[in-house]
Amino acid sequence: MPRSRPAASRPLIDFEAPSHEVAPRLIGVTLLVDGVGGRIVETEAYDREEPASHTFGGQTPRNAVMFGPAGHAYVYRSYGIHWCLNFVCREAGHGAGVLIRAIEPTHGLDRMRRRRGLDDPRLLCAGPGRVGQALAIDAGFNGMALDAPPFELVAAAEGHPPLVVDVGPRIGISKAVELPWRFGEKGSRYLSKPFRR
DNA sequence: ATTTTGATCTGCT
DNA sequence: GCAGATCAAAATG
């Protein structure tokens, strides 16, 4: 009698899917970089077909990784200051990804506090630039595979009550504002901004 | 409580 | 030149 296949033998997330489908599935998943991180509580989807995406105008040196295979990290510099982390989605050549916007810190709080120069856990990873600083992301992570160290993704534990995902418009963009491609854990105190309705 | 400003990178016009 | 998938400190009401 074959026993059921261990969950670890199957990829945790199918990144070869549209980013607006991958983004909500990432909510509740634990993201660790060198053992530091926590539960993803906020994401945004971006896609080549849509003008808010870095890939909208085609491939450039900066966004080249997003045109590569899914399941890799796309890291970009935001406003000249911050490093932001994305997960590449869809088939190679498409140009789609999910921006990691906020994390509920659970692992390596001390290291995150040192990197951020802050104590309040609610401010450690509440925003894409803050996530980058807390996890010590920089250009060297661009293009790295997400299924190998230093990255680690851990499935969400089944919660009681079960996890509910809020949906809304993306933040900080001026084009394609109508797309409801921001996702977050309902009621989380670790979001970059609350969800309205 | 809301607005402004500085940080100063990347790609487009 | 300038706008942008941002954040924090400073100025202002």
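- Listed by first residue number, the stems of DNA chain B with at least three Watson-Crick or G-U pairs below 3.5 Å are B:1-7 with C:6-12, B:9-12 with C:1-4.
- Tested against A:Y74 for a side chain to side chain contact (heavy atoms under 4.5 Å, CB included), the candidates A:V98, A:V65, A:L85 yield a single pass: A:V65.
- The separation of C:dA5 from B:dT2, taken at their P atoms, amounts to 24 Å, rounded to a whole angstrom.
- Annotation: side-chain contact (heavy atoms from CB on, under 4.5 Å) contacts of A:P18 (sequence neighbours excluded): A:H20, A:E21, A:R90.
- The nearest whole Å value for the distance from the CD1 atom in A:I171 to the C1' atom in C:dC7 is 13 Å.
- One atom, CG of A:N86, and another, P of C:dG4, lie 18 Å apart when rounded to the nearest Å.
- Rounded to whole Å, the distance from CZ on A:R62 to P on C:dG4 is 13 Å.
- Counting to the nearest Å, the P atom of B:dC9 and the OH atom of A:Y74 are 16 Å from each other.
- When the side-chain nitrogen and oxygen atoms of A:R77 are compared with OP1 and OP2 of C:dT6, none of them lie within a distance under 4.0 Å.
- Comparing B:dC12, B:dT8, C:dA5 by their closest approach to the side chain of A:S53 singles out C:dA5.
- Contacts of A:I173 with the nucleic acid, taken as non-hydrogen atoms under 4.0 Å apart, involve only primed sugar atoms and P, OP1 or OP2.
- The closest side-chain donor-acceptor pair between A:R115 and A:Q133, if any, does not fall under 3.5 angstrom.
- A:H54 has its NE2 atom 11 Å from the P atom of B:dC12, to the nearest Å.
- Remark: A:E178 CD is packed, more than 12 non-hydrogen atoms of other residues, nucleotides or ligands lying under 6.0 Å away.
- Taking only distance into account, the side chain of A:Y79 never meets the base of B:dA7 through a donor-acceptor pair shorter than 3.5 Å.
- Partner of A:E42 under the salt bridge (Lys or Arg N to Asp or Glu O under 4.0 Å) criterion, out of A:R101, A:K193, A:R189, A:R170: A:R101 alone.
- Closest contact between the side chain of A:Y76 and the listed nucleotides C:dA5, B:dG11, B:dA7 involves C:dA5.
- Regarding contacts with the backbone of B:dG11, a side-chain N or O of A:T60 is found under 4.0 angstrom from either OP1 or OP2.
- Here C:dA9 presents its P atom at 10 Å from CG of A:L123, a figure rounded to the nearest Å.
- Between A:L99 atom CG and C:dC7 atom P the separation is 9 Å, expressed in whole Å.
- Atom NZ of A:K175 is separated from atom P of C:dG4 by 7 Å (rounded to the nearest Å).
- In summary, of the residues considered (A:L99, A:I100, A:V29), a side chain to side chain contact (heavy atoms under 4.5 Å, CB included) with A:T43 occurs for A:I100 alone.
- Residues A:Y76 and A:R62 meet the side-chain proximity criterion, which asks for heavy atoms closer than 4.5 Å.
- As judged by a 4.0 angstrom heavy-atom cut-off over every strand, A:R116 is placed among residues touching the sugar-phosphate backbone only.
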